[in-house]
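The structure appears right after this line, and notes come after that.
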2 protein chains.
Amino acid sequence: MKVTISDVAKKASVSKSTVSRIINGNHEQNTQETVNKVLKVIEELDYKPNALARSLKSTKTNVIGIILSKLQNQFWSSVLEGVEDTCRSYGYNLMICNSNEDGQLEEEHIRSLQMHQLDGLIINPTLKNKLLYKKLTDNKFPFILMNRKLYDQDVHMVTVDNIKGARVAIEHLIQTGRRKIAIFLYPPAEISPRLERLEGYKQALIKNGIKVNQSLIQIVGEEAGEVEEAVKRLLNSPDRPDAIFSTNNMMTLSILEGIKSQQIMVPQDLGLIGYDETVWAKHLNPPLTTVNQPSYEMGTIAAKKLIYLIEGKEDQMAEKVVSLEPNLIIRKSCGADKSY
Amino acid sequence: MKVTISDVAKKASVSKSTVSRIINGNHEQNTQETVNKVLKVIEELDYKPNALARSLKSTKTNVIGIILSKLQNQFWSSVLEGVEDTCRSYGYNLMICNSNEDGQLEEEHIRSLQMHQLDGLIINPTLKNKLLYKKLTDNKFPFILMNRKLYDQDVHMVTVDNIKGARVAIEHLIQTGRRKIAIFLYPPAEISPRLERLEGYKQALIKNGIKVNQSLIQIVGEEAGEVEEAVKRLLNSPDRPDAIFSTNNMMTLSILEGIKSQQIMVPQDLGLIGYDETVWAKHLNPPLTTVNQPSYEMGTIAAKKLIYLIEGKEDQMAEKVVSLEPNLIIRKSCGADKSY
DNA sequence: TTGAAAGCGCTAACAA
DNA sequence: TTGTTAGCGCTTTCAA
C-alpha cells in the first residue's frame with residue numbers, strides 16, 4: 001500500500017500542510033515537538049513524497065534529459081558520466097535517450113521528454129531537422145547543444161575547438177617530416193566537428209606551404225569494411241601518403257586494420273594520429289598518438305550550464321557558446337618518438 | 001504559455017473528457033466529426049499531454065530506472081544500449097543513475113527513483129547493503145538484478161555463466177600446453193562474477209590434474225598501478241606463470257603494461273586471455289583472446305523481463321533467473337594460433 | 001455520444 | 001503555530 005502525506009498527517013494528528021512544511025524544511029515556525037512527532041511518523045511509515053504530485057503543483061521536476069547517439073563510443077560514455085555526476089551533485093535526475101542519428105527518433109524523444117515535463121535538455125543534435133531546435137527556443141524550453149554546432153541559431157552550446165585539434169595534429173606531423181598527409185573523415189554533411197577537422201587539416205597544410213591534395217582527403221561511409229577498403233586503395237595508389245590523420249576513434253581501429261593488411265609499418269612507413277583519447281590508445285601497436293578531447297568536462301559543463309539556465313542563474317554562466325580546448329597526446333604512432 | 005487539456009476543450013467547444021478520450025484512442029463512441037475537430041485543435045495548439053498529471057491519476061509513469069556503475073566500461077555501455085533500445089520499442093523512458101560502487105549512493109538513488117514513481121528498476125547491485133533489495137521485494141516493487149547474483153534472496157536476475165566463462169578459457173590454455181596459469185582478480189568479496197571466475201579457474205585445473213597454486217591466484221586492488229606491480233612481482237618470482245587469465249577488461253590493459261615492462265613476449269613466453277570482448281581487443285599486440293559476454297542481450301533481456309513484470313505478463317517471461325552463455329574468441333595472445 | 005464532477009498527492013495562500 | 005481550501009492537469013465514473 002502506498003503511503004501518502006495524508007496518512008502521515010492522520011497518524012501524527014496534524015494537517016497535511018504541517019507535514020508538507022516539515023518535509024520541505026520550512027518549519028521555522030513549527031514547534032520542535034510537532035517537527036519531531038511528524039519526523040518520527042515519516043520514519044515509521046517509510047513515507048516517500050510523490051515527486052509527480054509535487055511537480056504537478058510546482059511545475060518543476062528536477063529531471064533533465066539527454067539525447068545521445070552511439071553510447072558505445074567512449075567519448076560519449078565519458079560525457080555521460082560528466083553529466084550524471086553533475087546532475088547528482090545538483091539534485092537532478094537524468095533521463096537518457098538514444099537518437100541513433102535518426103532525426104525522426106530525435107523528434108519523438110524530444111516530444112516524449114517534454115511530455116514528462118523535464119526541466120531541460122542536453123542534446124548532441126543530429127541536425128537532420130533544424131526546426132526542432134528552433135521550436136525549443138520559441139517555447140523558451142531550456143536546452144544545451146553539445147559537440148555539434150548549430151550555425152544559424154543563437155543557442156547555448158558546448159563544443160570543442162576542432163579546427164585547433166586537427167591543426168595541432170597535422171602540424172606535429174609536418175614538423176616531424178611528413179609531407180603527404182591523408183585525412184579520413186565520415187561524410188561531413190553539416191556536422192561541424194567533421195567540417196572543422198577538415199578545415200584545420202587544410203589550414204595546417206597551407207600554413208606550411210604544402211598543397212592540399214584532394215585525393216588525400218578520404219571521405220568514407222560508416223558501413224563495416226569501408227574504411228579498411230579505402231585505406232588499402234589509398235596505400236596502393238600513386239598518392240600513397242606518408243601519414244594518416246584519423247578523425248574518429250572507431251575509425252582509427254579500422255584504419256589500423258587496413259594498414260596491417262598491407263604489411264606497412266607504423267610509424268616507419270606511415271605516421272598515424274587518431275582523434276579522441278581512449279583507454280586503449282596507449283596499448284595499441286604502436287602506442288597511438290591522439291588528439292584528446294575533454295569529454296568528461298564537456299559533460300559537466302553542459303549540465304552546469306543547463307542547470308544555471310533552469311534556475312535562472314544566467315549570471316553565473318559562462319558565454320552562451322563554450323569552446324573547449326583539445327590537446328595532443330604524443331606517443332609512437334606519429335613517429336616523433338624515435339625510440340623504435 | 002503551457003497549453004492544457006482545458007485549452008483544447010475550450011477551443012474545440014467540447015468537454016475535457018471528450019478530449020481525454022480522443023487523445024487516449026478511446027473514441028469508438030465519438031462522432032468522426034468531433035474526433036476530427038479535436039484532433040485539428042490539438043494540432044493547431046501543438047498540445048502535449050502532461051505525463052505527470054496523467055501518471056498521478058493512473059499510478060503508471062512508463063518510466064523505468066537503471067542503476068549502473070562504471071559507465072565507461074564498454075561492457076556496461078553495451079548493456080545500456082540494449083536496455084535503451086528495448087525501452088523505446090516498448091514505449092518506456094529510461095532514467096539512469098551511477099552508483100559508483102557506493103552502497104550509500106545506491107540507496108539514495110533507489111529512494112529518489114521511487115519518489116519519481118518509476119514503474120520498475122534494473123540494478124547492477126553493489127551488494128553492500130542487501131536489505132535494500134529485500135525492501136524492494138517487500139514493497140512488491142518490480143526490479144531486476146543484473147550481472148551480480150544475490151544468493152540468499154529469491155529475486156529476478158539476468159546473469160552470465162561465469163564459471164563456464166573461466167573454465168572454457170583455462171581449458172583452452174591447458175589444451176595448448178600451458179600448465180602454470182595465473183588468474184588476476186579484483187577483490188571478490190561477495191561479488192559473484194569474481195567468485196565464479198575463480199571457481200571456474202579451479203575447476204578447470206583440477207579436472208586436468210593440475211594442482212591449484214595459491215601464489216598464482218592474484219587478488220589485486222583497483223587503485224592505479226596495483227595490477228602492473230603485481231604482474232611484475234609475479235613474473236620475477238619463482239612461481240612465474242606460463243599464462244595469465246585476466247578477469248576484467250580494464251585490468252587486461254594494465255596486465256599488458258606490466259608484461260611489456262618485463263620484456264616478456266606474448267604469447268611465446270606467456271599466454272594471455274582477457275575477459276570481455278571489446279572493440280579494441282583484436283587490435284592489441286598481439287590480438288587478444290577474450291571471453292565474450294553477451295552484454296547487449298543482457299540489457300535487452302533485463303529490460304524485457306522488467307517490462308513483463310510491470311505489465312503483469314509473468315507468463316511470457318522466462319525463468320526467474322536467466323543465465324546467459326559466454327563464449328571464447330580465440331586470437332593470438334593465448335598462443336593457440338601458432339602463426340607467429 | 002457527450003459532459004459534470006470527483007479525485008490522484010501535493011503545495012501555498014489565506015485564515016484562524 | 002497550525003489548519004482549511006483551492007487547484008496543478010489529467011482520467012474515469014456516472015448521469016444525461
Side-chain angles (χ1 to χ4, degrees), chain A residues 1-39 41-42 45-63 111-119 139, chain B residues 1-39 41-42 45-63 111-119 139:
Chain A
M1 224 22 246
K2 281 254 134 77
V3 14
T4 74
I5 199 170
S6 302
D7 300 324
V8 176
K10 207 169 293 168
K11 182 145 184 207
S13 327
V14 296
S15 73
K16 291 192 293 172
S17 1
T18 301
V19 178
S20 173
R21 285 187 195 104
I22 291 170
I23 56 183
N24 288 299
N26 311 320
H27 48 234
E28 312 85 33
Q29 331 107 324
N30 292 292
T31 334
Q32 193 55 46
E33 201 191 333
T34 3
V35 173
N36 291 147
K37 188 171 60 180
V38 170
L39 253 25
V41 174
I42 287 178
L45 262 34
D46 190 24
Y47 166 68
K48 297 186 197 71
N50 182 328
L52 256 35
R54 183 181 281 184
S55 299
L56 185 57
K57 270 251 76 171
S58 64
T59 65
K60 175 98 168 41
T61 52
N62 271 273
V63 179
R111 196 186 158 75
S112 159
L113 293 174
Q114 284 194 294
M115 286 179 39
H116 283 282
Q117 311 299 118
L118 299 212
D119 295 338
N139 294 338
Chain B
M1 222 20 243
K2 280 254 135 75
V3 16
T4 74
I5 198 170
S6 302
D7 301 324
V8 177
K10 206 168 297 169
K11 181 143 186 209
S13 328
V14 296
S15 73
K16 293 192 291 173
S17 358
T18 300
V19 178
S20 173
R21 285 186 194 105
I22 291 170
I23 57 184
N24 288 298
N26 311 319
H27 48 232
E28 312 84 34
Q29 331 108 323
N30 293 293
T31 334
Q32 193 55 44
E33 202 191 333
T34 2
V35 174
N36 290 148
K37 186 171 57 181
V38 170
L39 252 25
V41 173
I42 288 178
L45 263 35
D46 190 23
Y47 166 67
K48 297 186 196 71
N50 181 328
L52 256 35
R54 183 182 280 184
S55 298
L56 185 58
K57 272 251 75 171
S58 64
T59 66
K60 175 97 169 38
T61 52
N62 271 275
V63 179
R111 195 186 159 73
S112 159
L113 293 175
Q114 283 194 294
M115 286 179 38
H116 282 283
Q117 311 302 114
L118 299 212
D119 295 338
N139 293 339

- Task: Check whether any side-chain heavy atom of A/Asn36 lies under 4.5 Å from a side-chain heavy atom of A/Gln32, and answer yes or no.
- Result: yes

- Item | Pairwise side-chain contact, A/Asn50 with A/Thr4, heavy-atom cut-off 4.5 Å (strictly under) | no

- Item | Rounded interatomic separation in angstrom, taking CG from A/Asp7 and C1' from C/dG9 | 10 Å

- Message: Quick check on the helix from C/dT1-D/dA16 to C/dA16-D/dT1: what's the angle between its two end axes, five base pairs per end, to the nearest 10°?
- Response: 40°

- Just call it for A/Ser55: base, sugar-phosphate, or nothing, with non-hydrogen atoms closer than 4.0 Å on any strand. nothing

- Less than 4.5 Å apart, any side-chain heavy atom of A/Asn30 and any of A/Thr18? yes

- Do B/His116 and B/Val63 come close enough that some side-chain heavy atom pair is under 4.5 Å? no

- Task: Starting at atom CD1 of B/Ile5, determine the distance to atom P of C/dA5, rounded to an integer number of angstrom.
- Result: 17 Å

- Interatomic distance where CG belongs to B/Leu56 and P belongs to C/dA6 [whole Å]: 18 Å

- Under the side chain to side chain contact (heavy atoms under 4.5 Å, CB included) criterion, do A/Arg111 and B/Asp46 qualify, and how do the steps go? CA-CA 11 Å; A/Arg111 196 186 158 75; B/Asp46 190 23; 4.1 Å; yes

- For DNA chain D, note the earliest and the latest nucleotide, 5' to 3', having some atom under 4.0 Å of a heavy atom belonging to chain A. D/dT1 to D/dG9

- Message: I want to check one thing: is the phosphate of C/dA4, taken as OP1 and OP2, less than 4.0 Å away from some side-chain N or O of B/Ser15?
- Response: no

- Going from CD1 on A/Ile42 to CG on A/Asp7, what distance comes out if it is rounded to the nearest 0.5 angstrom? 12.0 Å

- Message: Without decimals, in angstroms, what is the distance between B/Lys37 NZ and C/dT2 C1'?
- Response: 11 Å

- Query: Any side-chain N or O of A/Ser6 less than 4.0 Å from the OP1 or OP2 oxygen of C/dG9?
  - Reply: no

- Task: Check the distance between C/dG3's C1' and B/Ile22's CD1 and give it to me in whole angstrom.
- Result: 13 Å

- Quick one: on DNA chain C, does A/Arg54 or B/Ser13 contact a more 5' nucleotide (nearest heavy atom)? B/Ser13

- Item | Side-chain heavy atoms of A/Asp119 within contact of A/Lys60, under 4.5 Å | yes

Could you list all N or O pairs between the protein and nucleotides 12-14 of chain C that sit under 3.5 Å apart?
none

- Does the side chain of B/Asn24 come within less than 4.5 Å of B/Arg54's, by heavy atoms? yes

- How would you label the contact of A/Thr59 with the nucleic acid (heavy atoms, under 4.0 Å): base, sugar-phosphate, or nothing? nothing

- Item | Under 3.5 Å: donor-acceptor pair, side chain of A/Ser20, backbone of A/Lys16 | no

- Find the distance between CD (B/Gln117) and OG (B/Ser58) and round it off to the nearest 0.5 Å. 10.5 Å

- Query: More than 12 heavy atoms of other residues, nucleotides or ligands under 6.0 Å from CD of B/Glu33: is that the case?
  - Reply: no

